[in-house]
Amino acid sequence: MKEASRSLNFIEHIIEDDLKTGYGKDQLRFRFPPEPNGYLHVGHASSICLNFGLGLRYNAPVNLRFDDTNPTKEEQEYVDAIKRDVSWLGFEWDQECYASDYFQQLHDWAVTLIENGKAYVDSQGSEAMAQQKGTPTEPGTNSPFRDRSVSENLELFEKMKNGEFPEGAHVLRAKIDMAHPNMLMRDPVMYRILHKAHHRTGTDWCIYPMYDWTHGESDYIEQISHSLCTLEFLPHRELYDWFLDQVVSADTLRPKQREFARRNLSHTVVSKRKLLQLVNEGHVNGWDDPRMPTISGLRRRGCTPEAIRNFADTIGIAKRENVVDVSVLDFHMREHLNKVAPRVMAVLDPVKLVITNYPEGKEEWLEAENNPEDPEAGSRTIPFSRELYIEREDFREEANRKFFRLKLGGEVRLKNAYIIKAESVVKDEKGEIQEIHCTYDDLSRSGSGTEESQRKVKGTLHWVSADHAFQAEVRVYDRLFTDATPDQHKDKGFLDFINPDSLQVISAWMEPGLKEAQPGDRFQFQRMGYFCVDPDSTPGNLVFNRTVTLRDTWAKIEQKEE
RNA sequence: UGGCCCAUGGUGUAAUUGGCAACACUACUGAUUUUGGUUCAGUCAUUCUAGGUUCGAGUCCUAGUGGGCCAACCA
């Protein structure tokens with residue numbers, strides 16, 4: 001599919017090196033490890049494309065593993081949404097795994113650690129433990145419970161497991177080094193007591209393993225060769241390796257953790273906490289609101305999986321801080337939609353246009369190309385009549401040379417139809433234009449082959465026939481934030497930058513063929529942008545979401561004039 | 001005041017591992033166009049700074065500067 005000449009990212013370099021120094025190609029295995037406590041967003045998409053892309057590149061299996069070790073935050077709803085999103089992106093996982101599947105194994109290994117004097121039960125509160133932890137510049141101090149006997153630790157741990165203690169009474173800690181320069185190595189907690197029902201294991205367990213203890217061991221159980229995560233886990237690598245040292249046997253593959261920088265997108269936030277806040281405080285209408293940078297939001301907005309995958313591919317992966325401009329995502333949406341979206345005509349802000357020399361009551365069905373980029377897309381017919389709607393911004397009583405659209409005394413082509421000339425306007429008492437009266441050249445019909453039809457006129461407008469068009473709701477979305485990096489201001493919170501005009505709901509006029517449109521269908525409204533039928537649509541009441549505008553050179557010219 | 005990571009056009013990523021700084025986006029020119037879309041051509045860099053090694057440094061070394069991460073019974 002893609003050219004083989006693409007340069008390698010640093011992760012691929014690592015893998016190539018490993019392949020040269022002993023790894024068998026059949027040993028390669030990856031995983032995507034979401035915590036089911038929220039919806040996936042574009043940042044995750046990068047990680048998904050990285051891991052599954054590696055799987056495709058090396059023909060290696062990729063597991064979908066839910067990191068579900070904290071029953072207080074995780075829910076089945078999120079598991080379902082995550083699976084739907086990964087599938088929608090077009091990837092197939094090898095095994096569907098859950099860290100909770102390994103609770104028994106993890107427990108048994110923990111017992112081994114205790115027996116080997118590598119773990120102990122601490123019976124202090126979290127505050128005392130925090131104090132003993134020290135700081136990045138000062139060493140910590142040992143817990144008074146650090147030297148409990150193996151048998152006492154075993155007994156206590158067993159009782160923790162059996163639910164004989166209240167939450168917070170004890171924890172199991174790895175016995176490493178309270179003076180270690182890496183604070184994560186200062187006797188990290190392996191298990192805490194939680195009397196909570198888990199979405200998969202129910203009430204089987206009263207103790208739940210912590211991330212560090214779980215993740216590497218899960219990778220090991222699944223024989224993941226390369227465990228890729230974001231940069232903030234870099235300091236965890238030492239602990240990841242320490243835990244692995246306790247259980248790995250020589251004849252099995254030892255996973256390695258490598259870290260990359262998470263992708264940040266401009267004009268949005270990509271943090272589950274902040275996204276959850278947007279949802280909970282009603283700034284948007286749910287996780288799949290088309291303004292959300294979630295996969296489900298992008299999908300509902302009309303973005304295609306191809307666009308997201310191409311986006312992820314071109315922004316690449318590296319280790320430095322970054323903010324990718326949304327314009328890159330917009331570009332990929334347009335690039336793909338341009339190839340696949342059928343062209344139709346819809347007038348979003350209508351003004352009536354009357355062709356005074358066109359016979360009253362006459363109607364013509366004109367041929368219109370469905371997609372100039374795709375000859376296979378064929379054509380359709382659209383009705384033309386004496387009274388039409390055109391876009392209000394496409395007409396001015398007077399305008400300078402740069403305005404290619406309709407002005408009094410000026411000519412313009414109606415897309416797929418005739419050349420018309422504006423003659424006069426009818427205004428209401430407020431001076432607002434009610435109707436534009438014009439004449440048409442009946443020899444200029446598009447595709448008729450006449451000399452008149454081949455005349456060059458500067459502007460071409462989209463239109464709908466007033467008698468044949470129908471109205472539909474259009475949700476015009478704009479970016480959710482007015483600032484490129486809303487959550488990186490010292491003095492202001494990200495909510496201060498919410499765009500008050502991120503959603504505008506209007507009623508627009510559609511060409512009649514659109515009545516058949518189904519939720520999820522994507523179109524290009526010619527000269528306006530790409531739109532997608534929203535699932536809120538009902539048979540008699542279609543709703544369209546604006547996915548992205550077309551590039552708008554005119555808007556730039558206009559802006560410069562001001 | 002400790003440790004670790006990072007630094008290449010406005011943005012993101014490359015550079016055959018020490019050999020003419022490339023690709024994409026954005027912006028701007030121009031051409032084409034029955035979508036001011038698409039397409040095509042072009043323009044936009046003292047590789048953070050200062051030293052050093054070398055015939056040769058974006059790449060290696062040293063120091064500095066700037067940014068990020070690290071003290072949850074979160075992941």
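Note on naming: letters A, B, ... go to the chains in the order of the sequence lines (proteins, then strands), and numbering restarts at 1 for each one.
- At the heavy-atom level, A:G447 lies under 4.0 Å from base atoms of the strands shown.
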Atom pairs under 3.5 Å: protein N/O with N/O of nucleotides 38-41 of chain B:
{"from": "B:rU38", "atom 1": "OP2", "to": "A:R551", "atom 2": "NH1", "distance (Å)": "3.1"}
{"from": "B:rU38", "atom 1": "O2'", "to": "A:N338", "atom 2": "ND2", "distance (Å)": "3.4"}
{"from": "B:rU38", "atom 1": "O2'", "to": "A:E373", "atom 2": "OE1", "distance (Å)": "3.0"}
{"from": "B:rU38", "atom 1": "O2'", "to": "A:E373", "atom 2": "OE2", "distance (Å)": "3.1"}

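- With both ends at atom P, the span from B:rG9 to B:rA50 equals 16 Å, rounded to whole Å.
- Here A:V323 lies in heavy-atom contact (under 4.0 Å) with sugar-phosphate atoms only.
- Side-chain N/O atoms of A:R413 and base N/O atoms of B:rU34 include a donor-acceptor pair closer than 3.5 Å.
- A:K458 comes within 4.0 angstrom of nothing in the nucleic acid, heavy atoms only.
- At the heavy-atom level, A:I419 lies nowhere under 4.0 Å from the strands shown.
- Protein atom CG of A:D177 is 15 Å distant from nucleotide atom C1' of B:rG2, rounded to whole Å.
- Atom CH2 of A:W554 is separated from atom C1' of B:rU35 by 15 Å (rounded to the nearest Å).
- Remark: A:R148 fails to qualify as a cation-pi partner of A:Y120 under the 6.0 Å distance and 45° angle criteria applied to the six-membered ring.
- Distance, A:R262 CZ to B:rC6 P: 18 Å, rounded to whole Å.
- Between the P atoms of B:rU29 and B:rU65, the separation comes to 43 Å (whole Å).
- Taking the P atoms as reference points, B:rU53 lies 11 Å from B:rA57, given to the whole Å.
- Across all strands shown, the partner of B:rU43 is B:rA27, judged by Watson-Crick or G-U wobble contacts whose two distances both fall under 3.5 Å.
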Going 5' to 3' through nucleotides 64-75 of chain B and flagging B where a protein heavy-atom sits under 4.0 Å of the base, S where only the sugar-phosphate is that close, and - otherwise, we get ----S--B-BBB
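- Glycosidic torsion of B:rU35 falls outside 90° of 0, placing the base in anti.
- A:N9 has its CG atom 18 Å from the P atom of B:rU17, to the nearest Å.
- Counting any heavy atom pair closer than 4.0 Å across all strands shown, A:F403 reaches a base atom.
- Within 6.0 Å of NZ in A:K556 there are more than 12 heavy atoms belonging to other residues, nucleotides or ligands.
- Contact annotation for A:K339: no contact, since no heavy-atom pair falls under 4.0 Å across all strands.
- In this structure, A:Y530 has its ring center at least 6.0 angstrom away from the ring center of A:F525.
- A donor and an acceptor atom never sit less than 3.5 Å apart when one is taken from the side chain of A:Q454 and the other from the base of B:rU34.
- Residues A:R413 and A:S446 meet the side-chain proximity criterion, which asks for heavy atoms closer than 4.5 Å.
- Comparing the C1' positions of B:rC6 and B:rG12 gives an interatomic distance of 15 Å, to the nearest angstrom.
- Residue-level contact check: A:S446 touches the bases, meaning some heavy atom is under 4.0 Å from a base atom.
- Here B:rA57 sits opposite no nucleotide as a Watson-Crick or G-U wobble pair (both hydrogen-bonding atom distances under 3.5 Å).
- A distance-only check finds a donor-acceptor pair linking the side chain of A:N182 to the backbone of A:P235 [under 3.5 Å].
- Across the C1' atoms, B:rU17 and B:rG2 are found 33 Å apart, a figure rounded to whole Å.
- Using a 4.0 Å heavy-atom criterion, one finds that A:R405 contacts the bases of the nucleic acid, with or without backbone contacts as well.
- No close placement of the A:F331 and A:F311 rings is indicated, their centers lying 6.0 Å or farther apart.
- Among the protein residues, A:N416 comes within range of the nucleic acid bases, having at least one heavy atom under 4.0 Å from a base atom.
- Between A:R263 and A:V42 the shortest side-chain heavy-atom distance does not fall below 4.5 Å.
- Taking the six-membered ring for Trp and the full ring otherwise, the centers of A:F531 and A:F523 sit at least 6.0 Å from each other.
- Base-pair partner of B:rA63: B:rU49 (Watson-Crick or G-U wobble, both distances under 3.5 Å).
- When heavy atoms are screened at a 4.0 angstrom cut-off, A:H13 is found touching base atoms of the nucleic acid.
- Under the 6.0 Å cut-off for aromatic ring centres, A:F403 and A:W554 qualify, their centroids lying closer than that.
- For the P atom pair drawn from B:rG30 and B:rG68, the interatomic distance equals 42 Å after rounding to whole Å.
- Outside the 6.0 Å centre-distance limit, the rings of A:F233 and A:H215 are not counted as a close aromatic pair.
- Checked against the 6.0 Å centroid criterion, the rings of A:F243 and A:W213 qualify as a close aromatic pair.
- Between A:K407 atom NZ and B:rG36 atom C1' there is a gap of 14 Å when expressed in whole angstrom units.
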